[in-house]
Amino acid sequence: MIKKGLLIVISGPSGTGKGTVCKALLEQNKFWISVSATTRAPRKGELDGENYYFITKENFLERIHKEDFLEYAEVYGNYYGTPKSNVLEKLDKGEDVILEIDIQGALKVKENYPDGVFIFILPPSMEELKKRITNRGTETEESLMTRFKSAYKEINFVSKYNYAVVNDTVEEAVKKIECIIAAERCRVDRIKNTIFDSKEGLIHEQLYD
Ligand code: 5GP
């Protein structure tokens, strides 16, 4: 029985710091993070193929038609999507995959891959969320208002997730996510087929280490 990798979906409203948390998580662990495609223009310092694949709307729509995406969503007037083939290939090879995506996208992934681990990043408070979105300084006044409003609505979707992690400090949030992943790797319903082999008895060496 070949073990499959974990599909770990990290999402939450804009400004909760999920991007920073994911970056720190990847610096300390050997996870593979999917690079999304987007029609949004690159921000200062963002690199094509590293932060996103920056593509045209035409190209994006074509790829939707070709069913190239695991999920996609329109977020604040731009399209964002997770390229499917790389993610499925990694999971099949037994590698763990992280998706850092918005809530609409996460719910779509949950419909198709209920075995995934769905983690919602919460801000310490709504006041702090407001501060974080404003301090980012990358948004126009109009875009700030849109992001605040949707963040208030989006918090309610936390009940659809498996875990909620408050991003009080990045260090603590990362620690909690590492613990969640470690626990998920030990779940009996994930690994029972690899614990016992009907002919050979215990084959514990095939478990995650
Ligand atoms: P930003 O424009 O600030 O980089 O991202 C805006 C939002 O889009 C964030 O909530 C981010 O997590 C989300 N996002 C990034 N990539 C994807 C993706 O592939 N799919 C979906 N559904 N959302 C994404």
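Counting convention: from 1, in listed order, for ligands and their atoms alike. Note that these values count all heavy atoms, side chains included, but never hydrogens, waters or copies made by symmetry. Nothing here was measured: the structure is a model prediction, and the numbers come from that model.
Ligand 1 is approached by Arg147 to a heavy-atom distance shorter than 4.0 Å.
For the residues Tyr53, Tyr52, Tyr76, Tyr80, the heavy atom positioned nearest atom 4 (O) of ligand 1 is part of Tyr52. Distances from atom 21 (C) of ligand 1 to the heavy atoms of Asp102, Thr38, Val9 show the closest one on Asp102.
By the 4.0 Å N-to-carboxylate-O rule, Lys175 lies too far from Glu171 to be salt-bridged with it. Contact check on Glu46 versus Arg40 returns a salt bridge, with a Lys/Arg side-chain nitrogen under 4.0 Å from an Asp/Glu carboxylate oxygen. The pair Lys130-Glu127 does not count as a salt bridge, with every side-chain nitrogen at least 4.0 angstrom from each carboxylate oxygen. With respect to the salt-bridge test (charged N to carboxylate O, under 4.0 angstrom), the residues Asp96 and Arg185 qualify.
The backbone N or O of Pro83 lies less than 3.5 Å from no partner atom in the side chain of Asp68, so there is not a single donor-acceptor pair.
Near Lys18, meaning under 4.0 Å from one of its heavy atoms, ligand 1 places the atoms 9 (C), 10 (O), 12 (O). Here is the list of ligand 1 atoms found below 4.0 Å of a heavy atom in Gly105: 22 (N). Atoms of ligand 1 found under 4.0 Å from any heavy atom of Arg40, numbered from 1 in the order shown, are 1 (P), 2 (O), 4 (O).
Geometrically, ligand 1 and Ser36 share a nitrogen or oxygen pair separated by less than 3.5 Å. Some N or O of Gly81 is nearer than 3.5 Å to an N or O of ligand 1, by distance alone.
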